[in-house]
Amino acid sequence: MTEGIDERVSRFLRSLEAFDFAAAREMCTESATVRQNDGRGDQPIKESLDQLELLAAELDVLDYDILRRFRDPGEVLQQHVLHLVGKDGSRRDVHAVVHFRFLGGLIDRIEECVYPEPGVTRPSTPDTP
């Protein structure tokens, strides 16, 4: 039985969670690109994974919590929360919508839109209006 693109995306994310960036690179085409909504435009997958690997050096945990996933032939769209736990115990959640495009069974493009989760409204106290 061959692995479908849905399983490939899961395996890609599991390799990132395991800090196995070499395995993640092997699941991508040589010309794969990544685009994030950070204003940098397209960047090669190697450059994007190198940046994530530098961040991971400061982390104990990198965990993807997939909220929903949609698939069509050759592409997967998912919404997830990336939970990060630093070596210092700090915690951060990164909310994102990610589109994975495949070519020849490998990831050829990733488009990621990171967005803030709306803040919780706190009741006012006597010291605040």
Query raised in the report: Does Asp6 offer a backbone N or O that forms a donor-acceptor pair with the side chain of Arg69 under 3.5 Å?
Result: yes

Report summary line: For Asp38, the salt bridge (Lys or Arg N to Asp or Glu O under 4.0 Å) test, sequence neighbours excluded, returns Arg40

Query raised in the report: Who passes salt bridge (Lys or Arg N to Asp or Glu O under 4.0 Å) against Glu75, sequence neighbours left out?
Result: none

Report task. Provide the closest heavy-atom pair for Glu112 versus Ala96 in the form atom of the first, atom of the second, distance. Result -> OE2-CB, 3.9 Å

Query raised in the report: What heavy-atom pair brings Asp72 and Ile5 nearest, and what distance separates the two atoms?
Result: O-CD1, 3.4 Å

Would a hydrophobic clustering, with Ile, Leu, Val, Met, Phe, Trp and Tyr connected at side-chain separations under 4.5 Å, put [X] with [Y]?
X      : Y      : value
Val114 : Phe100 : yes
Val9   : Phe19  : yes
Leu55  : Val98  : yes
Ile110 : Phe70  : no
Val34  : Leu77  : no

Nearest 0.5 angstrom please: [X] [atom1] to [Y] [atom2], how far?
X     : Y      : atom1 : atom2 : value
Glu30 : Ile45  : CD    : CD1   : 11.5 Å
Met27 : Phe102 : CE    : CZ    : 9.5 Å
Arg8  : Leu13  : CZ    : CG    : 14.5 Å
Arg92 : Leu59  : CZ    : CG    : 10.0 Å
Arg35 : His99  : CZ    : NE2   : 14.0 Å

Partners meeting side chain to side chain donor-acceptor pair (under 3.5 Å) with [X] (sequence neighbours left out):
X     : value
Ser15 : none
Asp20 : none
Arg11 : Glu3
Asp60 : none

Query raised in the report: Mind checking whether His80 and Asp65 have side chains closer than 4.5 Å, heavy atoms only?
Result: no

Name all residues meeting the side-chain contact (heavy atoms from CB on, under 4.5 Å) criterion together with [X]; count only those two or more places apart in sequence or in a different chain, and write none if there are none.
X     : result
Thr29 : Ser31, Ala32, Leu103, Leu106, Asp108
Glu17 : Arg14, Leu62, Asp63, Tyr64
Thr33 : Arg109
Gln79 : Leu67, Arg68, Val97, Tyr115

Report summary line: Students should find that the hydrophobic cluster of Val61, defined by side-chain heavy atoms under 4.5 Å apart, otherwise consists of Val85

Requested in this report: Provide the full list of salt bridge (charged side-chain N to carboxylate O under 4.0 Å, His left out) pairs with a residue in residues 47-59, sequence neighbours left out, each pair given once.
Outcome: Arg25-Asp50, Arg25-Glu53, Lys46-Asp50

Query raised in the report: If you measure only the distance, is there a donor-acceptor pair under 3.5 Å linking the side chains of His83 and Asp93?
Result: yes

